[in-house]
Q: 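Below: one structure in structure tokens.
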Amino acid sequence: MSDREPQPVERQLPTDEARDLLALVREIARREIAPKAAEEEDAGRFPREVFTLLSESGLLGLPYDAEYGGGDQPYEVYLQVLEELAAARLTVGLGLSVHTLASYALATYGTKQQQVEHLPAILGGGLLGAYCLSEPSSGSDAASLRTKAVREDDDWVIDGTKAWITHGGVADFYTVMARTGEDGPRGITAFLVPGDAPGLSAAAPEKKMGMKGSPTAQVHFDGVRVGDERRIGEEGQGFTIALAALDSGRLGIAACAIGVAQAALDEAVAYATERRQFGRPVADFQGLRFMIADMATQIEAGRALYLAAARLRDAGKPFAKQAAMAKLHCTDTAMKVTTDAVQILGGYGYTADFPVERLMREAKVLQIVEGTNQIQRMVIARHVAGPEAR
């Protein structure tokens, strides 16, 4: 591994507070996250203490209201925090993104009473969340989910299985989409379910190509009973809530992808400027110089794309098309850049002694989660060319 220190990303931040915030995040990433990332990922260890530190540092609720313990930061700032954390360790960056996604329903659609009761612990009290939409038989076709919630007096009884749940088995709360009515999207309702609810259990974590430190598991609901006061939004509004959350969540994935890509580029540049062949650094050879130039350009383009979408969101303007574009471009960029980084390092890149092989394995999942890139292309095409003929 190279001793060359990468140059910090030049960021256009809106306030001095945001600049101080990014400096804090970089220090936490440098001191607490990056040094243990390779070892802990190899061991499959989930860094819960890091999320406790992020909560204590005010970083688990950045885009939400300060009234409830959030950071009142615009999305353009929050996403750059995610990028820095993902560059140090994707398990942490993606974990924060998922927690923010899981908090969205309550923070946006919850009643005042629900927000007062639950948000402070979620945004600044050390709790960690999970988002439960996908199921074993419904991934991209999320509206066909089968998990049911049946009304019994003032309670709801939830039965079913959710799949591919980040933080499954370690989360303190689950935002759950369950069927309460007719088939299709109009029969789905959102619930806030405690992680220790009787009848809730998690299967063994999936054995994955990458992100081994981030538990991904099926979550089973066997007669899980929650009061109606934990229903978020109106009955039948759950799918609308889920899609709105995913629009914002896709920007989180885009930012994480650029963080992974930036980390791979930094490693490739460090190696290429130090490794000598034929009497000079390999970075002097045009073939590698052009690869590095293309990698850097695609990263900058991806960063600009996700920030442009975030600024639309911050301005209260529609951003779903731009979010899909950012998720598509940034995650494809992460896959290409990490693959090229392995190539630049040659045989060393294929070994676990250097982080680029881990970054390449991690980049792949970003093309899949929160809507595959094929789904993103469908979303973009609908915005540009209109809906498909039926």
Side-chain angles (χ1 to χ4, degrees), residues 51 54-55 58-73 75 78 96-133 142 145 147-160 162 165-168 170-181 185-200 219 221 223-249 252 313 316:
F51 289 96
L54 295 182
S55 180
L59 300 177
L60 281 195
L62 284 175
Y64 296 122
D65 290 346
E67 178 183 359
Y68 304 112
D72 263 341
Q73 289 297 317
Y75 239 66
Y78 156 69
L96 174 54
S97 181
V98 167
H99 176 79
T100 303
L101 176 69
S103 306
Y104 178 90
L106 177 62
T108 308
Y109 290 87
T111 65
K112 180 74 171 181
Q113 181 177 346
Q114 288 173 327
Q115 292 171 346
V116 168
E117 183 175 355
H118 299 295
L119 272 182
I122 287 173
L123 301 183
L127 300 189
L128 189 65
Y131 178 81
C132 295
L133 177 62
L145 65 84
T147 295
K148 289 186 177 181
V150 177
R151 186 73 179 260
E152 291 188 3
D153 298 324
D154 292 332
D155 293 338
W156 293 88
V157 180
I158 304 175
D159 288 282
K162 295 295 182 178
I165 305 305
T166 300
H167 301 156
V170 301
D172 299 298
F173 70 93
Y174 295 83
T175 297
V176 181
M177 306 302 162
R179 186 162 304 286
T180 56
R186 296 180 181 177
I188 297 170
T189 302
F191 297 91
L192 183 68
V193 181
D196 60 356
L200 188 155
V219 177
F221 298 84
V224 174
R225 186 177 291 269
V226 295
D228 189 54
E229 70 277 5
R230 283 184 170 268
R231 171 178 48 83
I232 306 299
E234 301 299 326
E235 289 184 42
Q237 195 180 14
F239 198 67
T240 298
I241 294 173
L243 293 186
L246 285 173
D247 282 340
S248 296
R313 186 190 189 282

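Quantities reported herein were computed from a predicted structural model and do not represent experimental measurements.
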Q: Quick one: do V150 and W156 satisfy side-chain contact (heavy atoms from CB on, under 4.5 Å)? Show the steps, please.
A: CA-CA 5 Å; V150 177; W156 293 88; 5.7 Å; no
Q: Do NZ/NE/NH1/NH2 and the carboxylate oxygens of E67 and K112 come within less than 4.0 Å?
A: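 Between K112 and E67 there is a salt bridge, with a charged N closer than 4.0 Å to a carboxylate O.
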Q: I'd like to know whether V157 forms a side-chain contact (heavy atoms from CB on, under 4.5 Å) with V224, so could you lay out the CA-CA distance, the side-chain angles of the two residues, the decisive distance to 0.1 Å, and finally the verdict.
A: CA-CA 5 Å; V157 180; V224 174; over 6 Å; no
Q: Among residues at least two apart in sequence or on other chains, which ones pass side chain to side chain contact (heavy atoms under 4.5 Å, CB included) with A244?
A: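 By the side chain to side chain contact (heavy atoms under 4.5 Å, CB included) rule, A244 matches Y104, Y109.
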Q: Donor-acceptor pair, Y68 side chain versus I122 backbone, under 3.5 Å?
A: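 Checked: no pair found.
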Q: When rounded to the nearest 0.5 angstrom, what distance separates CE in M177 from CD1 in I158?
A: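 Reported value, rounded in 0.5 Å steps: 11.0 Å.
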Q: Evaluate side-chain contact (heavy atoms from CB on, under 4.5 Å) for Y78 paired with S248, printing each intermediate quantity in order.
A: CA-CA 11 Å; Y78 156 69; S248 296; over 6 Å; no
Q: Under a 3.5 Å distance rule, please check whether K162 uses its side chain to pair with a backbone N or O of L133 as donor and acceptor.
A: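 Pair found, side chain donor or acceptor close to backbone of L133.
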Q: Keeping the roles fixed (side chain from T175, backbone from A102), state whether a donor-acceptor pair exists under 3.5 Å.
A: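 Side chain of T175 to backbone of A102, a donor-acceptor pair under 3.5 Å: yes, one is there.
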Q: Are D247 and R313 close enough for a salt bridge, meaning some N to O gap below 4.0 Å?
A: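 No, no charged N to carboxylate O under 4.0 Å.
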Q: Is a side-chain donor or acceptor of E229 paired with a backbone partner of Q114 at a separation under 3.5 angstrom?
A: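 It does not hold such a pair.
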Q: What side-chain donor-acceptor pairs closer than 3.5 Å can you find for residues 187-200, not counting sequence neighbours?
A:
residue	atom	partner	partner atom	Å
T189	OG1	T180	OG1	2.6
T189	OG1	G236	N	2.9

Q: Using salt bridge (charged side-chain N to carboxylate O under 4.0 Å, His left out) as the criterion, point out the one residue from D155, D153, D154 that pairs with R225.
A: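 That would be D155; it is the only one of D155, D153, D154 passing the salt bridge (charged side-chain N to carboxylate O under 4.0 Å, His left out) with R225.
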Q: In Å, rounded to the nearest 0.5 Å, how long is the span from CG of L96 to CG of L54?
A: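 With rounding to 0.5 Å, CG (L96) is 6.5 Å from CG (L54).
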Q: Look only at the side chain of D172 and the backbone of L128, and say whether a donor-acceptor pair between them is shorter than 3.5 Å.
A: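 Answer holds: yes.
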Q: How would you list, by chain and number, every residue that makes a ring pair (Phe, Tyr, Trp, His ring centres under 6.0 Å) with F173, sequence neighbours excluded?
A: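 Ring pair (Phe, Tyr, Trp, His ring centres under 6.0 Å) check on F173 returns H99.
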Q: Pick from R179, R186, R151: which one makes a salt bridge (charged side-chain N to carboxylate O under 4.0 Å, His left out) with E235?
A: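 Testing each of R179, R186, R151 against E235, the sole residue satisfying salt bridge (charged side-chain N to carboxylate O under 4.0 Å, His left out) is R151.
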Q: Can you check side-chain hydrogen bond (donor to acceptor under 3.5 Å, both in side chains) on Y131 and T166, steps first, answer last?
A: CA-CA 7 Å; Y131 178 81; T166 300; over 6 Å; no
Q: Can you measure from CG (L127) to CZ (F51) and round to the nearest 0.5 angstrom?
A: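 Rounded to the nearest 0.5 Å, the CG-CZ separation comes to 13.5 Å.
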Q: Quick one: pull up CG in L123 and OG in S55 and give me the separation to the nearest 0.5 Å.
A: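 It comes to 9.0 Å.
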